[in-house]
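The structure appears below as C-alpha cells.
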Amino acid sequence: MRFVLILLGLLTGLGLAVLSEGRMSHLRLLAPQITPVWTAPIDGGATLWQGQARGLSLGVLPGPTDLRWRFDRVERAGIVWSIRLNGAGLDARGEMRLPWSRDRVALRDVSGDLGLADLPAIIGGAVQTGLLRVEGLRAQIGLPERQLQSLAAQIEMTGGRFGPVEIGSGEAILTSDQAGGWRMPFSVEGAMLRAEGRVEGALGRPGARLELRVTEVNGLSQEARRVLDRVAEPEGAGWRLTRDIDSLGGWPVF
C-alpha cells in the first residue's frame, strides 16, 4: 500500500538529515540538492527521533493525512518508533520497526478509527455514516526495492448507512500471500439486508476486483431499491455486483 512506501521514504529522508546536525531545516539549507520533492511535507524541526510530516497523500484515503513519529526503544531485532496518523475522520496509532539487517521496514499493531461521514462518498451521490475500526494492521516492505511484501488487518464497521440503505454492522479480514496477492472477504448485516463478498488484488498495484452478493432481509424502501439497482444487477431475491476497480484511491468508487 502507498502509505507504507511513504513512511519508508520519510525515514530515508530523515536519515539524510542526521548528517546535517539532525534536522531537516539544516539539510535543506546546506544541501538542498539531496532533499527530493517527497521530503517537502516533513517539518523543518523534524529529526530521525521525532517529528511530523503534514498533508501526506496516502492513496486509499481521499484527504491529506498528518504523520507524527517518536523514537520508542531499541530491541535485539532493531529500532522501534511510535507513529500516529491523523486526517479527515482518521485517528490511528502503531509502531514502525527497522531491523538491524535493514532489509525491510515493518508496521506493527496499527489500530485506529475511520469515520465514514468524514470521507467523500464511496457511492456517488449517497450520504454515508458509520465507523470503521481497524485492528492490528501489519505490513512489511522489502529493501532496497521498496516492494510491499505482506499486509494484514481486521476491520469492523458499526452504524453503517449508505444513502437510504442501512448496513448496520460488518466485519472484514485483510490478508496477503507469498505470491503477492491480497484479499479481503467481508460480510455486513442490517435491518433490511445482508451482504457477503470479497475484494482482492495484487500488492503494489492500485486496482482490485470486487464480488458482492446482497440479499433482502426485510422490506426495502423504493429509494433503497433504486440505489441497489443502480450499482448492482438484480438476481433472484437480491442483487449481485462484480466489478473491476481501476484504483481504490479513486472517489467515489461506485
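- We find that R161 and E166 are joined by a salt bridge, their nearest charged nitrogen and carboxylate oxygen being less than 4.0 Å apart.
- Here the OG-CZ distance, from S221 to R226, works out to 7.5 Å after rounding to the nearest 0.5 Å.
- Under the 4.5 Å side-chain contact rule for hydrophobic residues, L131 and I155 do not share a cluster.
- Of all non-hydrogen atoms in S150 and S176, the two that sit nearest each other are CA-OG, 3.3 Å.
- The number of heavy-atom neighbours closer than 6.0 Å to CZ of R97, taken from other residues, nucleotides and ligands shown, is above 12.
- Here the CD1-CZ distance, from I83 to R68, works out to 12.5 Å after rounding to the nearest 0.5 Å.
- Crowding of R133 atom CZ: a count of heavy atoms from other residues, nucleotides or ligands under 6.0 Å exceeding 12.
- In plain terms, the two heavy atoms of A153 and L137 that are nearest each other are CB-CA, 3.8 Å.
- L174 and I141 end up in the same hydrophobic cluster when Ile, Leu, Val, Met, Phe, Trp and Tyr side chains are linked at under 4.5 Å.
- For R198, the CZ atom counts as loosely surrounded, since its 6.0 Å shell holds 12 or fewer non-hydrogen atoms of other residues, nucleotides or ligands.
- Residue R225 comes nearest to W239 through the heavy atom pair NH1-CH2, 3.9 Å, listed as atom of the first residue, atom of the second, then distance.
- Atoms CG and CG, on L148 and L203 in that order, are 4.5 Å from each other to the nearest 0.5 Å.
- Dense packing is recorded around CD of E189, with more than 12 heavy atoms of other residues, nucleotides or ligands lying under 6.0 Å away.
- One finds the CG atom of D118 at 11.5 Å from the CG atom of D113 (value rounded to the nearest 0.5 Å).
- At least one donor-acceptor pair closer than 3.5 Å links the side chain of W100 to the backbone N or O of R76.
- Residues E211 and T242 have side chains that never bring a donor and an acceptor to within less than 3.5 angstrom of each other.
- In this structure, R240 does not pair ionically with E233, as no charged nitrogen and carboxylate oxygen lie closer than 4.0 Å.
- Looking at heavy atoms from C-beta onward, L85 lies in side-chain contact with L67 at the 4.5 angstrom threshold.
- A salt bridge links D91 with R84: the closest approach of a Lys/Arg side-chain nitrogen to an acidic carboxylate oxygen falls below 4.0 angstrom.
- A side-chain N or O of Q140 and one of Q149 form a donor-acceptor pair less than 3.5 Å apart.
- Using a 4.5 Å cut-off between side-chain heavy atoms of Ile, Leu, Val, Met, Phe, Trp and Tyr, with links allowed through other members, F71 and L107 fall into the same hydrophobic cluster.
- The closest side-chain heavy-atom distance from L114 to V134 is not below 4.5 Å.
- Of all heavy-atom pairs between L220 and M192, the closest is CD2-CB, 3.3 Å.
- Put simply, CG on L212 and CZ on F186 are 5.0 Å apart, with the number rounded to the nearest 0.5 Å.
- Minimum heavy-atom separation, S187 to E196: CB-CG, 4.1 Å.
- Within a 6.0 Å sphere centred on CD of E171, other residues, nucleotides and ligands contribute 12 heavy atoms or fewer.
- For the pair D177 and R183, the minimum side-chain heavy-atom distance is below 4.5 Å.
- Closest heavy-atom contact between A208 and W182: CB-CZ2, 3.9 Å.
- With a 4.5 Å cut-off on side-chain heavy atoms, I167 and L193 count as touching.
- Partner of E95 under the salt bridge (charged side-chain N to carboxylate O under 4.0 Å, His left out) criterion, out of R70, R73, R108: R73 alone.
- Taking CZ of R138 as the start and CG of L151 as the end, the distance is 11.5 Å to the nearest 0.5 Å.
- In this structure, the side chain of T158 does not engage the main chain of S169 through any donor-acceptor pair within 3.5 Å.
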